[in-house]
> 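Supplied in structure tokens, the structure appears directly below.
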Protein chains: 2
Amino acid sequence: MLSKKTKYGLKALTYIARSESDMPVQVGLIAKSEQIPQKFLEGILLTLRKSGILGSKKGKHGGYYLRSLPSEIKMTDVMRVLEGPIAMVPCVSLNYYEKCDDCPDENLCSVHKLMIQVRDNTLSVFRNTTLADLSNTSK
Amino acid sequence: MLSKKTKYGLKALTYIARSESDMPVQVGLIAKSEQIPQKFLEGILLTLRKSGILGSKKGKHGGYYLRSLPSEIKMTDVMRVLEGPIAMVPCVSLNYYEKCDDCPDENLCSVHKLMIQVRDNTLSVFRNTTLADLSNTSK
DNA sequence: TGTATTTCCTACTAAATTGATAGGATTAAT
DNA sequence: ATTAATCCTATCAATTTAGTAGGAAATACA
């Protein structure tokens, strides 16, 4: 299941990408418009900022903004920040690989083989999708 | 993340598919060979039986057996029984559809669009994979 | 300089899920 | 009868999820 965190995060990013103004977008606005608990969203945007996807400005007239063009923001990156590893098992994860304690030889493991395929397919979706696709912006 | 339940279930099914004998396969044997807590595995095989994928025989010399040929057992069915819905969000689930309370129009929802793609790709893997592929059996 | 407004940070919490374990009932072969 | 297997229910500890609470820090602007 997709976590609320990821869902909210994606919606927020889309909202920001669609914003015409060159002023930073405030959490309160997004929360209200997208029906997301504000305090929860604060935390999510914070991790997106720490990961480098968003930038922020504090104080009055502060808010969040994208640090790249929507078309440059790949879903692989966004999903890894919000949802964690894309692979369903650590033993097929590219970025967070971990051997299974059980499995003596993962080349012979039936689960491994299947999950590699799932990973590759999911990855191809995320690699070929940017925030511009999500938000229907051409930028 | 793939649950242990699913992982163990897939391994057990593979084990049973590979078994040459026409006697039913006992839980204890699988548990030992695949390093799975026996009592936990009992429950898993039980749900696989209730779903119709496995058959069982009670009492001495009892155990579990496949109710179809491995090549007839599709991963879509197995995964739905073990892991639940294949979609990452209920609003793109074919078998367990549910509307999101927030989303006023899901055709305009950016998350929806993305998750449809992920679902379709994952589904195509599971539709084109059978237990025979997992277990390298030709049957 | 002060006040309002915003992000930032830490800590806490209730509920759900996961990964088991325990104990025994039921069924079948010998 | 005895033994060996599945079947069934209940319980539990640890983790994760989805928030909430309260305030510190920074910034704009009067």
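Here is how names work: the chains are called A, B, and so on, in the same order as the sequence lines, proteins then strands, and each is numbered from 1.
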> With the side chain of B/Lys39 defined as its heavy atoms from C-beta on, choose the nearest nucleotide among D/dT6, C/dC8, D/dC8.
D/dC8
> Would you indicate which nucleotide in C/dG19, C/dT27, C/dT21 comes nearest to any side-chain atom of B/Lys4?
C/dG19
> Going through the distances and angles, do B/Ser3 and B/Glu83 end up as a side-chain hydrogen bond (donor to acceptor under 3.5 Å, both in side chains)?
CA-CA 7 Å; B/Ser3 66; B/Glu83 191 75 3; 2.9 Å; yes
> Assign each of B/Val25 and A/Leu2 to its nearest nucleotide of DNA chain D by heavy atoms, then name whichever residue's nucleotide is nearer the 5' end.
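Result of the comparison: B/Val25.
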> When you check the phosphate oxygens OP1 and OP2 of D/dA28, does a side-chain N or O of A/Lys58 lie under 4.0 Å from one of them?
no
> Tell me the interatomic distance from B/Lys50, atom NZ, to D/dT6, atom P, rounded to whole angstroms.
14 Å
> Roughly, in whole Å, what's the span from CD1 in B/Ile44 to C1' in C/dG19?
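Interatomic distance, CD1 of B/Ile44 to C1' of C/dG19: 9 Å.
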> Looking only at side-chain N and O atoms, does A/Ser56 come under 4.0 Å of OP1 or OP2 in C/dT6?
no
> Return the 5'-most residue of the pair A/Pro37, A/Glu42 with respect to DNA chain D, ranking by each residue's nearest nucleotide.
A/Pro37
> Base, sugar-phosphate, or nothing for B/Lys7, non-hydrogen atoms under 4.0 angstrom?
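B/Lys7: no heavy atom of the nucleic acid under 4.0 Å.
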> Taking the side chain from A/Lys113 and the backbone from B/Asp133, do they hold a donor-acceptor pair closer than 3.5 Å?
yes
> What's B/Gly43 touching, base or sugar-phosphate or nothing? Going by heavy atoms closer than 4.0 Å.
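Nothing: the residue B/Gly43, judged by heavy atoms under 4.0 Å, touches no strand.
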> Rounded to whole angstrom units, what separation is found between the CE atom of B/Met1 and the C1' atom of D/dT17?
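Result: 15 Å.
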> Grab the CE-P distance between A/Met23 and C/dT5 for me, whole Å please.
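Computing the A/Met23:CE to C/dT5:P distance gives 14 Å.
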> Report the nucleotide, chosen from D/dA28, C/dC9, C/dA20, that has the shortest atom-to-atom distance to any side-chain atom of A/Leu46.
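The nucleotide sitting nearest to the side chain is C/dC9.
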> Would you tell me if any nitrogen or oxygen in the side chain of B/Arg49 comes within less than 4.0 Å of OP1 or OP2 on D/dT6?
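No, because none of the side-chain N or O atoms of B/Arg49 sits under 4.0 Å from OP1 or OP2 of D/dT6.
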> Whole Å only: how far is the CZ atom of A/Phe40 from the C1' atom of D/dT16?
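From A/Phe40 CZ to D/dT16 C1': 11 Å.
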> Does a sphere of radius 6.0 Å around CZ in B/Arg67 hold more than 12 heavy atoms from other residues, nucleotides or ligands, not counting ones at 6.0 Å or beyond?
no
> From C/dT7, C/dA29, C/dT26, pick the nucleotide closest to the side chain of B/Lys60?
C/dA29
> Does B/Leu114 belong to the same Ile/Leu/Val/Met/Phe/Trp/Tyr cluster as B/Tyr97, with side-chain heavy atoms less than 4.5 Å apart forming each link?
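In one cluster with B/Leu114: B/Tyr97, no.
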> Rounded to the nearest angstrom, tell me the gap between atom NZ in B/Lys57 and atom P in C/dT27.
15 Å
> Respond yes when some side-chain nitrogen or oxygen of A/Tyr8 is under 4.0 Å from OP1 or OP2 of D/dA18, and no when none is.
no
> Starting at atom CG of B/Leu45, determine the distance to atom C1' of D/dA5, rounded to an integer number of angstrom.
13 Å
> If Ile, Leu, Val, Met, Phe, Trp and Tyr residues are connected whenever their side-chain heavy atoms lie under 4.5 Å apart, and connections chain through other members, are B/Met88 and A/Ile44 in the same group?
yes
> What is the distance from CG of A/Leu29 to P of C/dT5, rounded to the nearest Å?
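Interatomic distance, CG of A/Leu29 to P of C/dT5: 14 Å.
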> Does C/dT7 have OP1 or OP2 sitting under 4.0 Å from an N or O in the side chain of A/His61?
no
> Can you check whether B/Tyr64 has a side-chain N or O nearer than 4.0 Å to OP1 or OP2 of D/dC7?
yes
> Would one find more than 12 heavy atoms of other residues, nucleotides or ligands at under 6.0 Å from atom NZ of A/Lys74?
no
